[in-house]
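A short worksheet on the structure shown next.
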Number of protein chains: 2
Amino acid sequence: MPQKNMAANKDKTIRRILDGATKVFAEAGYSGASVDEIAKAANVNKATIYYHVGDKEALYVRVLHEVIGQTAAGIAARMNNSMTPAEKLATYISGIAQTVENYPPLPPVMMRAVESGGQILSPEVAADLMMIFGILLEILEQGAREGVFIKANPFIIYLMIIGAVAFHRNVEANWDQKPELAMLFKQMDPDFYTKLEGSFSISVANEVTRLLLRALEKQGPQKD
Amino acid sequence: MPQKNMAANKDKTIRRILDGATKVFAEAGYSGASVDEIAKAANVNKATIYYHVGDKEALYVRVLHEVIGQTAAGIAARMNNSMTPAEKLATYISGIAQTVENYPPLPPVMMRAVESGGQILSPEVAADLMMIFGILLEILEQGAREGVFIKANPFIIYLMIIGAVAFHRNVEANWDQKPELAMLFKQMDPDFYTKLEGSFSISVANEVTRLLLRALEKQGPQKD
DNA sequence: AAATAGTTTAACTACATGGTTAGATAACTT
DNA sequence: AAGTTATCTAACCATGTAGTTAAACTATTT
């Protein structure tokens with residue numbers, strides 16, 4: 001099966017490698033993932049990985065950069081300068097949720113990135129993370145400047161958002177294997193889990209947004 | 001140096017093993033931790049671990065059970081039935097923060113536990129996690145019943161708390177190695193990071209509590 | 001003191017894993 | 001078509017790791 005040209009083939013190979021690596025890293029973490037397993041998942045000889053990308057750490061950094069970079073880009077794309085801070089916050093949260101939805105391996109990878117606190121992280125990845133965080137920072141600052149948001153620690157808000165969205169997606173992904181756990185959660189908040197239109201992630205995003213807006217807005221909705 | 005008796009010596013050995021294992025698991029995760037390393041950290045021969053505790057997974061489960069169980073117990077101990085839901089929530093959050101403060105390896109271990117979504121978890125550990133969550137559930141239900149809290153998804157609240165407290169502790173722990181990151185955060189919210197009395201974790205807990213109470217209380221503090 | 005049971009250790013095994021190499025194959029150039 | 005370069009592969013190597021074993025050592029019992 002001859003290809004158009006070498007470059008295209010190369011790109012396809014690298015694509016396969018990165019996809020396989022993302023999947024395996026997401027499932028098993030950095031140490032838990034083996035290069036052999038990644039090679040198998042990518043349908044590629046192991047040496048090809050070393051030829052195209054480099055060693056395991058280089059591969060990991062590349063995956064992180066791609067995954068987190070996509071998230072940052074996705075959020076930025078949805079944002080609009082004419083929005084109010086509240087609208088922007090809603091967009092921000094649902095943007096993260098949406099990316100998580102489209103890109104299931106993201107949460108564990110992202111969590112490990114934050115978790116390591118900059119240990120394994122390359123400057124590129126750190127920049128990606130800072131970009132995601134920076135968007136939120138601006139929203140909160142604008143809100144405070146305009147007098148619609150109270151002052152609050154932005155990093156804590158950030159962690160609350162990531163924690164809720166990423167963890168929830170992750171726990172939810174394991175519901176198949178723990179049906180009794182799923183049942184329990186659904187009993188706890190039937191409204192939430194039964195009449196969800198669209199996806200879980202979106203519902204989670206909506207709930208997180210509702211709560212954070214109540215927390216941040218100077219005159220929030222009083223009755224509920 | 002002769003010991004009182006064998007039983008005491010045995011307990012001390014197991015104690016050393018569990019402490020060493022907790023530390024190494026926290027730093028490196030399950031796959032990243034090697035039994036040799038744990039043995040070294042515990043000043044114990046590797047075979048002694050297998051003799052007293054069992055294989056790597058048994059050791060991990062035991063560590064998880066101990067760490068998470070301590071958290072649950074610590075929170076429960078601080079709680080008091082005569083408290084209002086708001087007071088209970090504050091106690092709950094600061095209880096988690098306090099345990100995290102006293103027990104630094106907790107966040108990464110706990111995160112991996114939640115993260116794995118019940119995959120590696122033993123029934124015992126699952127029960128511990130459910131106990132911690134159950135306390136929050138009761139608080140929220142009481143608040144809703146008494147009409148002081150709005151209805152909200154308890155699991156999401158839970159994830160927001162854990163996310164903020166655990167992540168923050170973790171990132172903060174790496175500030176030594178990334179001083180520019182620490183500087184950045186401190187610039188972002190100077191009030192928060194400079195005039196903190198006591199510890200970071202307590203300050204974080206206070207901020208999380210403030211935000212969540214604003215989010216949950218039907219008539220929260222209007223002006224701020 | 002001898003015997004016994006509980007505890008610890010050094011040495012070892014089997015295997016998985018990260019990484020390499022030399023050669024094959026396919027693509028591009030002339 | 002021949003030669004050159006980029007891409008890929010099977011086989012291999014060195015090391016690290018989970019787990020075992022048999023023997024040494026220590027406390028307890030008789």
Side-chain angles (χ1 to χ4, degrees), chain A residues 1-64 109 112 116 119-120 122, chain B residues 1-64 109 112 116 119-120 122:
Chain A
M1 57 292 279
Q3 227 63 39
K4 277 271 172 61
N5 54 40
M6 280 175 102
N9 225 331
K10 176 181 174 175
D11 289 350
K12 273 190 186 171
T13 304
I14 294 180
R15 186 71 264 133
R16 281 217 308 279
I17 292 173
L18 292 180
D19 287 345
T22 304
K23 195 181 155 212
V24 176
F25 277 133
E27 279 166 5
Y30 181 76
S31 329
S34 81
V35 180
D36 288 278
E37 207 184 339
I38 291 172
K40 214 169 67 184
N43 258 319
V44 148
N45 187 284
K46 180 164 62 158
T48 307
I49 294 176
Y50 287 86
Y51 175 71
H52 278 300
V53 181
D55 67 5
K56 193 184 176 185
E57 192 179 322
L59 183 57
Y60 186 61
V61 165
R62 187 128 169 202
V63 166
L64 278 185
V109 168
R112 270 178 237 266
S116 64
Q119 201 73 0
I120 307 177
S122 71
Chain B
M1 57 293 276
Q3 226 65 39
K4 275 273 172 58
N5 54 39
M6 278 175 104
N9 225 332
K10 176 180 174 176
D11 288 349
K12 272 191 187 172
T13 303
I14 293 179
R15 186 71 267 134
R16 280 217 309 279
I17 292 173
L18 291 179
D19 288 344
T22 305
K23 193 181 156 211
V24 175
F25 277 133
E27 278 166 6
Y30 180 76
S31 330
S34 82
V35 179
D36 287 278
E37 208 182 338
I38 291 171
K40 216 169 65 185
N43 258 318
V44 148
N45 187 285
K46 180 163 63 158
T48 306
I49 295 176
Y50 285 87
Y51 175 72
H52 279 299
V53 181
D55 67 5
K56 192 184 176 184
E57 192 179 322
L59 183 56
Y60 186 61
V61 165
R62 187 128 169 203
V63 167
L64 278 185
V109 168
R112 270 177 236 267
S116 64
Q119 201 73 359
I120 306 177
S122 71

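Each chain gets a letter, A, B and so on, in the order the sequences are listed, and its residues count up from 1. Only a predicted model underlies this, so the values are computations on that prediction, with no experimental measurement involved.
- With rounding to whole Å, A:Asp11 atom CG is found 15 Å from C:dA27 atom P.
- Here the straight-line distance linking atom CD of B:Glu27 with atom CD of B:Glu37 works out to 7.5 Å at 0.5 Å rounding.
- Protein atom CD of A:Glu57 is 13 Å distant from nucleotide atom C1' of C:dG18, rounded to whole Å.
- Rounded to whole Å, atom C1' of D:dA18 lies 14 Å from atom CD of B:Glu37.
- Contact of the B:Arg16 side chain with the B:Asp11 side chain is not registered, since no non-hydrogen atoms from C-beta on lie closer than 4.5 Å.
- Distance B:Ile38 CD1 to D:dG16 P: 17 Å, rounded to the nearest Å.
- At the heavy-atom level, B:Ala39 lies nowhere under 4.0 Å from the strands shown.
- Separating the CZ atom of B:Arg16 from the C1' atom of C:dT9 is a distance of 13 Å, rounded to the nearest angstrom.
- From A:Ile14, atom CD1 reaches atom CZ of A:Arg62 across 5.5 Å, with rounding to the nearest 0.5 Å.
- Considering every non-hydrogen atom in both B:Ser31 and A:Ala28, the closest pair reads OG-O, 4.4 Å.
- Here C:dA10 presents its P atom at 14 Å from NZ of B:Lys40, a figure rounded to the nearest Å.
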Listed pairs under 3.5 Å, donor-acceptor, residues 42-56 of chain A side chains, sequence neighbours left out:
| from | atom 1 | to | atom 2 | distance (Å) |
| --- | --- | --- | --- | --- |
| A:Asn45 | OD1 | A:Ala47 | N | 2.8 |
| A:Thr48 | OG1 | A:Asn45 | O | 3.3 |
| A:Asp55 | OD1 | A:Glu57 | N | 3.4 |
| A:Asp55 | OD1 | A:Ala58 | N | 3.0 |
| A:Lys56 | NZ | A:Tyr30 | O | 2.8 |
| A:Lys56 | NZ | A:Ala33 | O | 2.8 |

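- Listed in residue order, the members of residues 43-52 of chain B having a heavy atom less than 4.0 Å from DNA chain D are B:Lys46, B:Ala47, B:Tyr50.
- Between the P atom of D:dC8 and the NZ atom of A:Lys12 lies a distance of 12 Å, rounded to the nearest Å.
- Rounded to the nearest 0.5 angstrom, A:Phe25 CZ and A:Leu64 CG are separated by 8.5 Å.
- Here the side chain of B:Asp55 is nearest to one of D:dG19, D:dC8, C:dG19, namely D:dG19.
- Annotation: the span from A:Asn9 atom CG to A:Arg15 atom CZ amounts to 14.5 Å, rounded to 0.5 Å.
- Side-chain nitrogen and oxygen atoms of B:Thr13 include at least one within less than 4.0 Å of the OP1 or OP2 phosphate oxygen of C:dT8.
- Atom C1' of nucleotide D:dG16 and atom NZ of B:Lys56 are separated by 12 Å, given to the nearest angstrom.
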